[in-house]
J.: 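One structure, as structure tokens, below. Some questions next.
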Amino acid sequence: MNFDLTDDQEMMRDMFARFLDEHSSTARVRAAAPSGFDAALWKGLAEQGALSIRVAEESGGLGLGLIDAAILMEEAGRTLASGPLAEALVAARLIAQLGGDTDLLERALSGDAVVTLAFHDIVGQPRQWVAGGLVAEAVIARAGDDVVLVAVPESARVAEATLADTPLAEIDLGAHPRTVLASGDIALTAFGAGIEEWKLLISSALAGLGREALKLAAAYASERKQFGQFIGQFQAISHPLADLICEVDGGKFLVWKAIRDLADGDDKAGAAISLAAWWNADAAARAVAQALHTFGGYGLTTEYDIFLFNLRAKAWPLVLGDPQRLLDEAGRRLYAGEAASLPDAGESPINFDLGEDANAIASEIHDFFAANVTPEMREKFHYSWEGYNPELNRKLAAENLLFLGLPKDVGGRGLSPYAKIAAMDTFELEGYNNPAAGVSQMVALIIQRFGTDELKQDVLPQIMSGEAICSLGYSEPGSGSDVFAAQCRATPDGNGWRIDGTKMFTSGANLASYVLMLARTNTEVAKHKGLTMFIVPLKTEGVTIQPVYTFQDERTNITFYDNVKIPDSWRLGEVDGGVKTMSASLELEHGGGFAKYQRAMLDAGERLCREIIYQGKTLIEDPSAQRRLARTHANVRVSELLTFRATWVMAEKKTNLAYGPMAKMYSSEKFLSDARDLLDLTAPTSLSKRKGAAEEINIFYRHAQGATIYGGTSEVHRSMIAERGLGLPRTRA
């Protein structure tokens, strides 16, 4: 897996960024109005090689790949570059590919002429809006079975006021001289591929634009005060921005994934392009609207630059038409077999392959289940602690498949973060979830790092052999996600400690031998400094476990500790040093989310849509159903990609700007919203708990209700994203 560009690409990005910062400043963008075209900028871009980036070297271009063009477009979007850049890149490539006017191509690459693109067949729609039509001397278009170059005289390029002061013009392309560049299937395939390439290029521009708008909003919210504090401290301001940075980053990665799919020849590459284009048009529009809202009334004035981002975010993609049609298109490509002409991606250093180790562990797990799991066992599998099977737990431990992420020095498998993702996905494919293993390996690691010899000799071997499992005693009835507010007391008692208090949501306590306890040992210091970690045997006198049932078909517990005595040797780490001790578990954290559940839910939704008959056909043949499934498909992809980034930055020791919280928060929210939508889509069959896809959709809907709560609420994670990902001030109120 790799999210890094090459050194040459980073140098190219830096070159374009510096050039555009100077020559496409917002002052220059304003000065280019009302035509929306900056001739000096255009000439400078040509001199930097920007206009020739996708033209083959033998035709006078740089011959670079789609990822290189995407880098350029992201910077152009960030700086609101004035001119039809995405269209010009595609047009120049088409002229070179189809053997067009070499003199025109040379002038286009040097910035002396603008050539742009028409999106619709001029036989059926001769008069159409053309991006850059106001300044272009030629337009490449489809005319039936031909691809033509239409020469547009200056008299036909009529200026009129437009939403964002872009060089848009409505032109009757059927009324002007045309030259046939090529005809037949080869020509139409090249032109169709050019349109698909444009979708990716404009998507990259929108991703850059959206992120910059959010940065502007965050900077303003960090300096603007209301009611005596920075407005960025208000969650009503910071949390929507946190949501949107996830969506904007997700859009960028959808472009990268589409390019990777093209390079790999993936059969979903066409759908990936449609989804990336729809997603980025939508995400950028919502990002700029929220950014402007952050500025309040000042955002409406032309004194601030945010309005420029707002208008360009709509002007650029809408030249193609309603972006919602792209989602329809993705649905047809995914579920109705619609084919697309696809561009050549060229080389790309970005890849999302988990590696050979990942493939090997996946095969090993599949083989284990085939050899050790009976149909009777499978019947009792459940996504919660209710699916715990002691026999299977011991067998997994014996085969070193229980604690896959635990370091080898503790006795675990020590899988790489990438292989661990593959392993967890494989367990999901087998229908097996084991939250007990996740908690128990956390406890094992903390014992190894902070435990006494007694714990290492008596408790650790039980855990590692799969004989004992552990529960987690963090949450309390009055503190919820604020674990540092714990009031369960640990009081010195002779040579040991006395535990008194209550813990809530101690899932698995009815099955576990031990609980990892966070208890208050000091009330005279800051709340996060007065906590200590302990291992508490759940069979000890004074421990009471009371079930709490959820509507998700699972049991959690409330646990009471009344004068529970433990020796000091069962303490983990220093007294009042619980936060430091707890941080050891971060070694096992790799930006987990709910993507594997989302993927399984989508699969169930697709299967059920193939079973349900709607108006005489299977539901999956209905365009509305295809559209909604495609939207879920996009959400799954973004969840996976955000999780991959979080895993990658941790594995490769890269700068981490709350990428783990982004993956968890985003995926949990989309798991919840998509579970609701798929339940609706497949109703009333989805109301049934009958075996098969209907039961799965039913279960996923109920499971998803806890996703935004488990492992830290979305509100907590939004605050972390706002602070670390956007640089906003601390927000807790």
Side-chain angles (χ1 to χ4, degrees), residues 403 406-407 409-412 436 439-465 467-476 479 482-506 508-509 511-545 557-588:
F403 301 124
L406 204 58
D409 69 320
V410 187
V439 174
S440 296
Q441 77 171 357
M442 179 195 304
V443 175
L445 179 64
I446 291 176
I447 289 176
Q448 177 67 21
R449 299 286 189 260
F450 296 96
T452 61
D453 289 342
E454 181 179 340
L455 288 176
K456 291 177 183 178
Q457 292 167 9
D458 295 345
V459 176
L460 189 57
Q462 296 177 51
I463 298 172
M464 298 307 298
S465 67
E467 291 291 337
I469 61 173
C470 304
S471 183
L472 201 59
Y474 285 178
S475 296
E476 296 185 9
S479 57
D482 186 6
V483 296
F484 300 143
Q487 296 301 309
C488 186
R489 291 295 303 274
T491 307
D493 185 72
N495 294 323
W497 298 84
R498 186 183 78 246
I499 309 291
D500 295 281
T502 307
K503 290 290 180 180
M504 187 65 187
F505 302 120
T506 42
L511 305 167
S513 299
Y514 306 99
V515 63
L516 178 65
M517 170 76 72
L518 186 67
R520 182 152 306 283
T521 46
N522 192 335
T523 59
E524 303 301 320
V525 295
K527 64 180 184 179
H528 66 282
K529 293 183 178 181
L531 298 167
T532 306
M533 280 279 208
F534 299 91
I535 294 291
V536 179
L538 286 166
K539 306 303 181 187
T540 303
E541 184 178 354
V543 176
T544 302
I545 301 170
N557 303 283
I558 182 169
T559 47
F560 303 93
Y561 305 87
D562 183 15
N563 198 28
V564 175
K565 304 290 185 64
I566 58 171
D568 186 59
S569 56
W570 289 64
R571 171 170 50 84
L572 295 162
E574 299 176 359
V575 175
D576 298 344
V579 173
K580 178 182 178 182
T581 306
M582 187 168 55
S583 67
S585 64
L586 295 177
E587 287 186 38
L588 303 174

J.: Roughly how far, to the nearest 0.5 Å, is the OG1 atom of T581 from the CZ atom of R571?
T.: 9.0 Å

J.: Within a radius of less than 6.0 Å around CD of E574, do more than 12 heavy atoms belonging to other residues, nucleotides or ligands occur?
T.: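 Count not over threshold, so no.
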
J.: Write down the atom of I463, the atom of S440, and the distance for their closest heavy-atom approach.
T.: CG2-O, 3.7 Å

J.: Could you list the donor-acceptor pairs under 3.5 angstrom formed by side chains in residues 498-505, with sequence neighbours left out?
T.:
{"from": "R498", "atom 1": "NE", "to": "D500", "atom 2": "OD2", "distance (Å)": "2.8"}
{"from": "D500", "atom 1": "OD1", "to": "N563", "atom 2": "N", "distance (Å)": "2.7"}
{"from": "K503", "atom 1": "NZ", "to": "G473", "atom 2": "O", "distance (Å)": "3.3"}
{"from": "K503", "atom 1": "NZ", "to": "Y474", "atom 2": "O", "distance (Å)": "3.2"}
{"from": "K503", "atom 1": "NZ", "to": "E476", "atom 2": "OE2", "distance (Å)": "2.9"}
{"from": "K503", "atom 1": "NZ", "to": "L518", "atom 2": "O", "distance (Å)": "2.7"}

J.: Atom CD in E454, atom CD1 in I447: separation rounded to 0.5 Å?
T.: 11.0 Å

J.: Write down the atom of A512, the atom of S471, and the distance for their closest heavy-atom approach.
T.: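 Looking at all heavy atoms of both residues, the shortest contact is CB-N, 3.8 Å.
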
J.: Name the atoms and distances for all side-chain donor-acceptor pairs under 3.5 Å in residues 528-538, with sequence neighbours left out.
T.:
{"from": "T532", "atom 1": "OG1", "to": "T521", "atom 2": "OG1", "distance (Å)": "2.6"}
{"from": "T532", "atom 1": "OG1", "to": "D576", "atom 2": "N", "distance (Å)": "2.7"}

J.: So which heavy atom on K456 is nearest to which on P461, and how close?
T.: O-CD, 3.2 Å

J.: Start with the C-alpha distance between V443 and Y514, add both sets of side-chain angles, then the distance that settles side-chain contact (heavy atoms from CB on, under 4.5 Å), and finish with yes or no.
T.: CA-CA 9 Å; V443 175; Y514 306 99; 6.0 Å; no

J.: Do the side chains of Y561 and R489 get nearer than 4.5 Å, heavy atoms only?
T.: no

J.: Would you say the side chain of F484 lies within less than 4.5 Å of the side chain of M582, judging by non-hydrogen atoms?
T.: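 Yes, at least one pair of side-chain atoms sits under 4.5 Å.
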
J.: Roughly how far apart are N495 CG and K565 NZ, rounded to 0.5 Å?
T.: 12.0 Å

J.: T559 side chain to I545 main-chain N or O, any donor-acceptor pair under 3.5 Å?
T.: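 Answer holds: no.
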
J.: Test of understanding: with side-chain hydrogen bond (donor to acceptor under 3.5 Å, both in side chains), list the residues that count as partners of D409, not counting sequence neighbours.
T.: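 Residues passing side-chain hydrogen bond (donor to acceptor under 3.5 Å, both in side chains) with D409: R449.
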
J.: Applying the side chain to side chain contact (heavy atoms under 4.5 Å, CB included) test to L406, which of M464, Q448, M442 qualifies?
T.: M464

J.: Rounded at 0.5 Å granularity, tell me how far CD in E467 sits from CD in Q462.
T.: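 Reported to 0.5 Å precision, the distance equals 8.0 Å.
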
J.: Hey, could you give me the OG/CG distance between S569 and D458, rounded to the nearest 0.5 Å?
T.: 8.5 Å

J.: Is any side-chain heavy atom of L511 less than 4.5 Å from a side-chain heavy atom of I469?
T.: yes

J.: Check whether any side-chain heavy atom of L572 lies under 4.5 Å from a side-chain heavy atom of L516, and answer yes or no.
T.: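 Answer yes - side chains close enough.
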
